[in-house]
Structure formats: C-alpha cells, structure tokens
Number of protein chains: 2
Amino acid sequence: MNSNGDGMTQARETGTLGKLMVLLDLVTHADAPLRFTDILALAGQPRGTLHRQLSHLVEEGLLELDGDGRYAPGLRLLDFAARSWARNEFRMIAEPHLADLQQATGETVHLGVLRGSSIIYLDKVEGRQPVRMYSQIGNASPCYCTGVGKAALSLLPPDSLADLLAGLSFTRFTASTHASAETLLAEIREIADQGYAFDREEHEAGIRCVAAPVWSEDRTFVGGISITGPAYRLSMELLREWAVPVQLAAGRIMEGMRIRLGPRR
Amino acid sequence: MNSNGDGMTQARETGTLGKLMVLLDLVTHADAPLRFTDILALAGQPRGTLHRQLSHLVEEGLLELDGDGRYAPGLRLLDFAARSWARNEFRMIAEPHLADLQQATGETVHLGVLRGSSIIYLDKVEGRQPVRMYSQIGNASPCYCTGVGKAALSLLPPDSLADLLAGLSFTRFTASTHASAETLLAEIREIADQGYAFDREEHEAGIRCVAAPVWSEDRTFVGGISITGPAYRLSMELLREWAVPVQLAAGRIMEGMRIRLGPRR
DNA sequence: AAATTAAGTTCCACATAATGGAACAAAATA
DNA sequence: TATTTTGTTCCATTATGTGGAACTTAATTT
C-alpha cells in the first residue's frame with residue numbers, strides 16, 4: 001500500500017491534527033518563544049488559518065501566549081507527560097535494574113527507547129548530585145550517535161533498518177560521529193553480533209558509554225540501557241569490562257517484562 | 001448548536017482538536033491501558049469515528065497501541081514536555097532560589113503554577129536522595145488543598161476567584177481538606193492578608209507545608225513556592241517561622257522575573 | 001470443530017468544521 | 001499625523017470529520 005519506491009514521503013495523513021502537530025513541533029523546537037509573524041513565515045499557512053490554529057492550541061493549553069504575543073510550549077504538556085511517564089511499564093520494570101547498575105558502577109545509567117529515528121530517554125539514574133530532571137528524561141536524541149540508539153538499531157529486522165537508515169540525515173556532533181549510513185550499518189552488524197554497543201564520544205565530546213539492547217516480545221519497546229560518563233574516567237578497557245554487567249541488567253529487564261506482561265503476546 | 005442554558009459555560013470550541021484532547025485526557029487519566037471498547041464506552045462516540053480519532057492520535061505518537069490492542073499515553077508527549085520544561089522562564093529564574101531555600105531548611109521545596117483550577121508543579125528540589133523525577137513535576141494537583149494552590153488563589157482578583165470557586169468540586173482527601181467554597185474563601189482572604197499559606201495535611205495525611213505566592217507582572221504565571229515535609233518533623237510553629245524565608249525567596253524570584261522579562265509589559 | 005457472539009476495521013453519503021482571501025483593527029514606525 | 005507592520009475577525013467555499021451500516025477477525029460457547 002505504501003508506494004515507497006523512491007522517496008521517504010510517507011506524508012502524515014492525520015488531517016487537522018497533523019497540521020496542528022506541525023505547529024506544536026515548530027514552537028517547541030524553537031530556541032526562543034516565537035511571535036505570530038515568525039510562525040507565519042515558518043509554517044507557510046495563510047494568516048487567518050494560522051491564527052485560528054494557534055488559538056485552538058492555546059485554548060487547549062498546548063501552547064501559551066504571553067503578554068508580548070509570544071508563543072511558548074504549554075504546561076498542559078507537562079501534565080500529559082507526567083502520566084505517560086508514571087504509567088510506562090517498560091520504565092517501571094527497568095527501574096530497579098537501573099539502580100543496581102548505577103550502584104555497581106557509580107556512573108550514570110540511562111534507559112531509552114526508539115521512536116521513529118530518535119531515542120527517547122525514559123529514565124536516568126545518577127550518582128550523588130541532585131538530578132536536574134528533565135535534563136535528559138524525555139529528550140529525543142539521534143539514534144545514530146548514541147549507545148542506546150545503536151543498540152536499538154541492532155534489534156531491527158534488515159528491511160526496517162534499511163528504511164530507517166535511508167531516512168536519516170547525519171549531523172556531525174563531534175569528529176567521531178558517523179557521517180554515512182554505510183559506516184553506521186557496518187557498526188550495527190558488529191553490535192548485533194557481540195550484543196553491546198559503544199558511544200565513543202560520538203554525540204558529545206568527552207562523553208563515552210556502553211549500551212546493551214532491550215526489547216519486548218511484541219516489539220512495542222525497542223531500546224536499550226547504557227552506562228555513561230566522562231572519557232577521562234571511562235577508558236575503553238573499562239567500558240569493555242562493563243559490557244557484561246550491562247548485558248546482564250538488560251537480560252533481567254527483559255525477563256521482568258516477560259513475567260509482567262505474560263507469555264500471551 | 002450549543003444549547004447553553006445559562007450562558008457562562010464557555011464550552012471548549014476547539015472543534016476537532018478539542019474532541020481529540022478529550023480522548024487524550026481519557027487515556028492518560030486511566031489507571032491502566034484501555035482497550036478500544038473501554039474507550040468507546042467512556043467517550044460516547046460512534047465506533048467508526050472513535051476508531052479514526054484514535055488512529056490519528058496513534059499515528060502522531062500521542063497515544064501508543066500495544067500488541068494486545070491497549071491504548072497508552074504516547075512517548076512523544078515526553079519529548080514535548082521536556083522542551084516545555086527546559087525553556088520555561090519562570091522555572092529557570094526560580095531554580096537557584098529554590099535550591100537556596102532547600103539548603104536553608106533541609107526540606108523539599110516545590111514550585112507550582114496555576115493552570116485552570118489545578119496547580120502544575122514545575123520543579124522540586126529534594127534533599128539527599130536521588131530524585132524520582134516525574135514523581136511530582138508535571139503533576140496536576142487541586143488548588144484548594146495545596147499550599148501553593150491556596151497561595152496562588154490569593155493572588156486572583158475577586159471576580160476571577162469567584163468564577164474559579166464556582167467551578168470547583170471538592171474531593172475530601174483527608175479530614176482537614178476544605179469541603180466548601182465558603183471555608184476556602186475565608187482562608188484565602190486570610191492568606192491574601194498575611195502573604196503566606198499553610199497546608200495542614202489537607203492533601204495527604206501527615207504532610208504539611210508553608211507556601212508563598214509568586215506572580216509575574218503580566219499574570220502569565222500565578223503560582224507559588226512551598227516547603228513541604230512530614231508533620232512529625234514540621235510543627236506548625238516551625239512552619240510559621242519558615243513563612244519568612246519562603247516569602248523572601250518568593251520576593252527574589254519576582255525580582256528576577258522583573259529584571260529578566262524587562263519593564264515593558 | 002462448527003456455531004455464535006463479541007471486538008475491531010473499513011466504507012461512503014452527508015454534515016460539520018477548516019480554509020483562505022479580504023476587510024478590519026491595533027501597534028509600531030516614520 | 002501618515003504610513004507601515006502586525007494581529008484579528010468575517011464569511012462563502014471546500015476539505016475534512018462524521019456515523020450508520022456492512023464487513024472481517026478474534027474469542028467464546030455449544
């Protein structure tokens with residue numbers, strides 16, 4: 001049904017909602033609150049149309065309009081997200097195992113899941129310091145330059161993987177960020193073999209990690225967990241040692257899911 | 001179209017979006033993932049209509065449909081929320097002052113803002129323990145039984161307050177929860193006079209707090225900050241002492257907003 | 001296993017809600 | 001004050017959502 005011969009254009013067919021979500025994306029991705037005219041330029045909608053669309057979003061609390069006529073993301077989004085997070089089964093099951101892994105290594109542990117071509121971080125367990133909470137949780141990061149991302153990709157069947165890779169555009173965050181689908185694919189094959197992935201300062205200079213893939217049987221969750229830290233403290237040798245505990249923790253999480261969700265899927 | 005008996009009911013007129021948001025509310029407020037039929041019963045929509053609406057929400061990542069046909073809140077909500085939170089000016093300005101207050105008292109400090117008749121918690125600074133992040137942040141709590149909520153209400157002009165009170169339905173969480181608009185209004189007047197509010201175990205048994213109101217000049221933010229803790233540790237005398245530092249911190253936050261946002265609104 | 005019921009999905013004539021051009025109002029700038 | 005920019009409202013047109021019914025699939029019962 002999806003004439004996917006050439007391009008990637010699986011144009012969202014969600015009608016009114018789709019158009020509004022594009023606007024919401026625009027506003028939430030902006031670095032600073034946008035004025036009406038800014039959005040007008042970006043969205044390419046007629047003035048009247050845009051005005052009504054924004055009004056609806058504001059009325060629903062998805063956007064907020066301040067006294068200077070600037071649009072910012074609405075706080076109702078926080079309420080939705082709090083529930084989404086609190087009830088997430090994957091996260092709930094993983095929680096104790098993340099804590100164990102943090103205890104064992106003393107470094108920061110992440111849980112992430114693949115959505116589209118992004119990794120969305122579901123949880124983070126840090127060492128001592130009071131956590132700056134949304135600093136990572138909820139953030140969407142590229143799959144091609146994060147440990148969790150590459151671990152997740154190694155779980156995909158070849159055709160899904162190919163589709164996903166074809167749609168990627170590679171931003172070079174550091175000198176070691178993958179710049180093409182070819183080199184990435186090669187590494188993913190390797191990861192699939194060995195069962196764990198590294199991030200060698202590919203997303204952020206000076207930050208390394210080891211990650212292991214985690215998935216649910218129904219493939220609702222395809223993601224991974226990782227141990228992350230500064231390169232000066234986490235040598236590649238150390239990371240290679242930690243591959244084992246990370247894989248063990250991943251295994252325990254999957255076992256937890258199997259029990260929790262039952263065998264019937 | 002809208003048989004609006006009295007006239008006050010400004011029933012959401014956001015058309016398609018409004019209907020979809022009702023569904024999103026339904027699913028995110030449910031205790032467990034809902035099946036199609038469950039939602040059908042709750043939403044009172046025709047089957048065909050509901051099916052398409054849910055499909056659109058799923059396609060946009062606002063809902064997720066697992067292998068068993070159960071709908072859960074979508075993870076895209078997390079991404080939106082992370083941005084909403086990260087860029088929130090009120091929160092950014094308040095952050096250091098919350099930390100100071102936490103240091104000074106050793107107890108948990110909250111920042112909340114009034115949206116509709118709910119308080120949405122924007123930040124939380126706890127003592128030692130690693131923070132369970134979404135545990136409070138983003139959560140919407142009733143305004144009539146929280147310190148921050150009552151502090152916020154004390155900022156409203158009489159007519160807005162009256163409107164809001166008229167729309168409230170009082171759930172008794174504990175023995176000391178306000179059960180009527182009359183007693184609540186009396187306390188709010190008192191709070192407006194003295195400039196701080198208490199929560200005397202009104203939302204959760206064994207939990208008390210002192211709160212002070214905070215607002216921005218353009219009234220985009222009407223909320224408050226609070227120090228919260230267990231009743232056995234926080235006597236009412238102690239809370240009365242802390243009213244001063246809480247008010248001072250609130251004052252510093254407002255000063256910060258004035259500087260940051262400029263005088264031109 | 002076949003029959004029966006329930007659950008979920010697709011279809012299409014119809015009604016509603018979104019569209020967008022233009023006119024209007026309000027600020028900002030000259 | 002005149003002029004431009006920015007934001008808001010209006011309404012005939014049209015695209016989109018609606019909902020009843022037919023259909024398919026899965027679960028339950030006989």
Side-chain angles (χ1 to χ4, degrees), chain A residues 1-2 10-27 30 32-60 62-72 217-218 220 261-265, chain B residues 1-4 10-27 30 32-60 62-72 217-218 220 261-265:
Chain A
M1 49 156 61
N2 194 3
Q10 54 172 42
R12 290 196 271 190
E13 273 311 334
T14 45
T16 305
L17 178 63
K19 294 169 200 158
L20 292 174
M21 294 303 283
V22 169
L23 289 182
L24 200 50
D25 258 334
L26 263 176
V27 174
L34 298 172
R35 308 267 300 287
F36 180 83
T37 315
D38 303 326
I39 305 176
L40 187 63
L42 291 167
Q45 296 268 37
R47 299 154 77 89
T49 301
L50 182 66
H51 187 263
R52 181 183 32 74
Q53 290 172 329
L54 290 174
S55 302
H56 284 178
L57 288 169
V58 168
E59 197 169 337
E60 289 294 338
L62 301 179
L63 289 181
E64 307 210 339
L65 178 58
D66 72 16
D68 288 355
R70 300 183 311 178
Y71 291 87
E217 288 179 42
D218 67 349
T220 301
L261 302 179
R264 47 182 302 285
R265 11 178 104 191
Chain B
M1 41 164 68
N2 193 3
S3 59
N4 221 338
Q10 56 175 33
R12 291 197 270 191
E13 274 309 335
T14 45
T16 305
L17 178 62
K19 295 169 200 158
L20 292 175
M21 295 303 284
V22 169
L23 289 182
L24 200 51
D25 257 334
L26 263 177
V27 174
L34 298 173
R35 308 271 300 285
F36 180 83
T37 315
D38 302 327
I39 304 175
L40 187 65
L42 291 167
Q45 295 268 38
R47 299 154 76 90
T49 301
L50 181 66
H51 187 262
R52 183 182 32 74
Q53 291 172 328
L54 291 174
S55 302
H56 284 179
L57 288 168
V58 168
E59 198 169 339
E60 288 295 338
L62 301 178
L63 288 182
E64 308 210 339
L65 178 57
D66 72 17
D68 288 354
R70 301 181 312 179
Y71 291 87
E217 287 178 42
D218 68 349
T220 301
L261 303 179
R264 47 182 303 284
R265 9 179 109 191

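Within every chain, numbering begins at 1; the chains are lettered A, B, ... in the order of the sequence lines, protein sequences first and strands thereafter.
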Going by heavy atoms in the side chains, are Met21(B) and Leu24(B) under 4.5 Å from each other?
yes
Without decimals, in angstroms, what is the distance between Leu57(B) CG and dG17(D) P?
12 Å
Could you state the CG-C1' distance from Leu34(B) to dG8(C), rounded to the nearest angstrom?
16 Å
Nearest to the side chain of Pro46(B) - dA18(C), dG19(D), dG20(C)?
dG19(D)
May I have the distance from Glu59(A) (atom CD) to dA17(C) (atom P), rounded to whole angstrom?
14 Å
How long is the line joining CG of Leu17(B) and C1' of dG17(D), in whole Å?
14 Å
Over how many whole Å does the gap from Leu54(A) atom CG to dT8(D) atom C1' extend?
12 Å
Out of dT18(D), dA7(C), dA17(C), whichever nucleotide has its closest atom nearest the side chain of Arg35(B):
dA7(C)
Of all of residues 36-43 of chain B, which get a heavy atom below 4.0 angstrom from DNA chain D, listed by number?
none
When the rotation axes relating C1' atoms of four end pairs to the next four are compared across the helix from dA1(C)-dT30(D) to dA30(C)-dT1(D), five pairs an end, they differ to 10° by 40°
Pick the nucleotide of DNA chain D nearest each of Gly69(A) and Thr16(A); which residue has the one closer to the 5' end?
Gly69(A)
Whole Å only: how far is the OH atom of Tyr71(A) from the P atom of dT6(D)?
14 Å
By side-chain contact (heavy atoms from CB on, under 4.5 Å), which residues pair with Thr49(B), not counting sequence neighbours?
Gln45(B), Pro46(B), Arg52(B), Gln53(B)
Say you draw a straight line from CG of Leu20(A) to CG of Asp25(A); how long is it, rounded to the nearest 0.5 Å?
11.5 Å
Minimum heavy-atom distance between Pro33(B) and Arg70(B), given as atom pair plus value
CB-CB, 3.7 Å
With Leu65(B), which residues qualify under side-chain contact (heavy atoms from CB on, under 4.5 Å), at least two apart?
Val58(B), Tyr71(B)
Any side-chain heavy atom of Leu57(A) sitting closer than 4.5 Å to one from Val27(A)?
no
How does each nucleotide of nucleotides 9-14 of chain D score, in 5' to 3' order, for protein heavy atoms under 4.0 Å: base (B), sugar-phosphate only (S), or none (-)?
B-----
Between Lys19(B) and Leu65(A), which residue's closest nucleotide on DNA chain D lies nearer the 5′ terminus?
Leu65(A)
Examine dA18(C): is either OP1 or OP2 under 4.0 Å from a nitrogen or oxygen in the side chain of Gln45(A)? Give yes or no.
no
Where do Leu23(B) and Leu63(B) land on the side chain to side chain contact (heavy atoms under 4.5 Å, CB included) test, with the steps shown first?
CA-CA 10 Å; Leu23(B) 289 182; Leu63(B) 288 182; 5.7 Å; no
Check step by step if side chain to side chain contact (heavy atoms under 4.5 Å, CB included) holds for Leu42(A) and Leu34(A).
CA-CA 10 Å; Leu42(A) 291 167; Leu34(A) 298 172; 4.0 Å; yes
Rounded off to whole Å, could you give me the NE2-to-P distance for the His56(B) and dT10(C) pair?
12 Å
I'd like a table of atom pairs between the protein and nucleotides 13-15 of chain C - only N or O on both sides, under 3.5 Å - with the distance next to each one.
none

Leu20(A) CG to dG17(D) C1', straight-line distance once rounded to whole Å
13 Å
Is there a donor-acceptor pair under 3.5 Å between the side chain of Asp66(A) and the backbone N or O of Asp68(A)?
yes
Can you tell if the side chain of Thr16(B) reaches within under 4.5 Å of the side chain of Leu17(A), non-hydrogen atoms only?
no
Which residues satisfy the side-chain contact (heavy atoms from CB on, under 4.5 Å) test with Arg47(A), sequence neighbours excluded?
Leu40(A)
